[in-house]
A.B. asks: 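So that we are looking at the same thing, I have put the structure below in structure tokens.
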Amino acid sequence: MSKTTVLTGITTTGTPHLGNYVGAIRPAIDASRNHGVRPFYFLADYHALIKCQEPERVRQSTLEVAATWLALGLDTDNAVFYRQSDVPEIAELAWMLSCVTAKGLMNRAHAYKAAVQANQESGEADPDKGVTMGLFNYPILMAADILIFNAHKVPVGKDQIQHIEMARDIAGRFNHIYGEHFVIPEAVVSEETATLCGLDGRKMSKSYDNTIPLFVPEKQLRKLIMKIKTNSLEPGQPKDPDGCTLFGIYRAFATKEEVEALRQRYAEGAGWGEIKQFLFEYLNDHLTAARERYEALIQEPDRIERALLEGAEKARAHSQPFMKKLRGSVGIRGLAG
Ligand code: TRP
């Protein structure tokens, strides 16, 4: 029996942070070692263009994301790890899919609706101001990412569930018109992965500018942890670990026993400075080996490039013949044969 294909994409617009690591990267890397499934993980650089028109940032982020995943031990023998733009069949399929997708379906996409609503609320006369066709079509590109490899399972955050629903719709529509070509994919939303809070206590997110990058140098890591907002309780006063940003981060890394021990220290009134120093040392120990591998890789972009091109070759072994079949199915084929 053929393996289950699990596929997910990472948009290359930022530097991976602790929240990305705990919520998405770590579970995906763990899954890459499960030889019962075939993971497809890719750098969604075409998606990056929707949000970011700074070429250097897109390039730098692509390098950092790739180096991060490789440094953390992604099993590239089992997982197919590639850059979206190295697989031209994806963009080609996106066009074919857009020809079977109702515009009305895209009108309902959250990201587009949010942009329109923001315009309306600010009294803007044009509801579509600042909305590019890239943003509008984004769910179709995402459907192409998934359908081109006939992925069965797509691990995503809650905010992406609607896009998977749309991919299912679009796949069904194409299948109905042209025959059963596509697997109908399923979203996998993990409830147990932690969401971390950031420096200011809100959810750690690039859009709040409150992140702790995963592989910042040691000194900066310490500085950032010292900056995390706490309440004003003094040393000696018992503190509540639940809802505390520091405790939340610790819990995402530590064992059960370690977590209980820290809980005890909160109850006994450990000071914030002491807890922060403890968290810093713990995280630093946890991250140092991977950080060293990361820094070495960043110095050798050729190695990263080679790994990505190898991944693309493996990916295209599926996408090229499949695209040939899809072209044929819609009537785009040689006239002579
Ligand atoms: N849109 C996803 C995000 O912002 C990233 C992504 C692009 C993706 N293509 C995908 C995720 C295909 C899963 C499958 O998180």
Side-chain angles (χ1 to χ4, degrees), residues 4-17 19-29 31-32 37-52 57-58 61-62 65-66 68-69 79-94 97-98 101 106 109-115 132 134-171 182-190 193 195 203-208 211 311-312 315 318-319:
T4 301
T5 299
V6 177
L7 177 143
T8 199
I10 314 102
T11 307
T12 52
T13 45
T15 299
H17 56 70
N20 298 141
Y21 174 64
V22 167
I25 307 175
R26 188 172 59 189
I29 289 183
S32 79
V37 300
R38 182 117 244 241
F40 280 68
Y41 298 146
F42 70 97
L43 307 170
D45 52 355
Y46 281 145
H47 287 271
L49 301 187
I50 299 168
K51 300 189 212 166
C52 179
R57 211 170 114 203
V58 173
S61 172
T62 304
V65 174
T68 298
W69 286 62
V80 183
F81 185 55
Y82 56 99
R83 186 167 39 195
Q84 184 184 30
S85 59
D86 285 332
V87 181
E89 292 77 24
I90 295 172
E92 191 175 347
L93 178 60
L97 297 179
S98 73
T101 303
M106 294 299 103
H110 296 318
Y112 170 64
K113 274 173 57 178
T132 63
L135 176 69
F136 189 70
N137 286 335
Y138 156 56
I140 303 179
L141 180 58
M142 196 161 148
D145 292 330
I146 298 167
L147 302 181
I148 192 76
F149 297 113
N150 269 333
H152 303 92
K153 308 251 180 215
V154 187
V156 284
K158 285 199 189 73
D159 60 320
Q160 300 290 318
I161 296 174
Q162 187 197 34
H163 296 141
I164 312 303
E165 300 285 321
M166 289 178 161
R168 293 166 62 90
D169 254 34
I170 296 169
F182 295 127
V183 167
I184 308 295
E186 271 174 46
V188 182
V189 184
S190 171
T193 56
T195 15
K203 179 184 171 202
M204 190 181 291
S205 160
K206 194 168 36 118
S207 30
Y208 295 145
T211 67
H318 297 265
S319 61

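Counting starts at 1 for both ligands and their atoms, in listed order.
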A.B. asks: Would you mind writing out a table of all protein N or O atoms found under 3.5 Å from any N or O atom of ligand 1, naming both atoms and giving the distance to 0.1 Å?
C.D. replies:
from, atom 1, to, atom 2, distance (Å)
ligand 1, 1 (N), Tyr138, OH, 2.7
ligand 1, 1 (N), Gln160, OE1, 3.1
ligand 1, 4 (O), Gln160, NE2, 3.4
ligand 1, 9 (N), His47, NE2, 3.4
ligand 1, 9 (N), Asp145, OD2, 2.7

A.B. asks: For a 4.5 angstrom cut-off between non-hydrogen side-chain atoms, does His47 reach Tyr138?
C.D. replies: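 Touching, per the 4.5 Å side-chain cut-off.
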
A.B. asks: Would you call Ile90 and Tyr46 a side-chain contact if the rule is heavy atoms closer than 4.5 Å?
C.D. replies: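 When only atoms from C-beta onward are counted, Tyr46 and Ile90 do not touch, as no gap falls below 4.5 Å.
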
A.B. asks: Are Tyr82 and Phe149 close enough that their ring centers fall under 6.0 Å?
C.D. replies: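 Yes, close enough.
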
A.B. asks: Nearest 0.5 Å, please: how far is CD in Gln84 from CE in Met142?
C.D. replies: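 Those atoms lie 10.5 Å apart.
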
A.B. asks: Going by side chain to side chain contact (heavy atoms under 4.5 Å, CB included), name the residues that satisfy it together with Glu92, two or more places apart in sequence or in a different chain.
C.D. replies: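 Counting only residues at least two positions away or on another chain, Glu92 forms a side chain to side chain contact (heavy atoms under 4.5 Å, CB included) with Met323, Arg327.
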
A.B. asks: Tyr41 and Phe81: aromatic ring centres closer than 6.0 Å?
C.D. replies: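 Aromatic pair excluded; centres sit 6.0 Å or further apart.
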
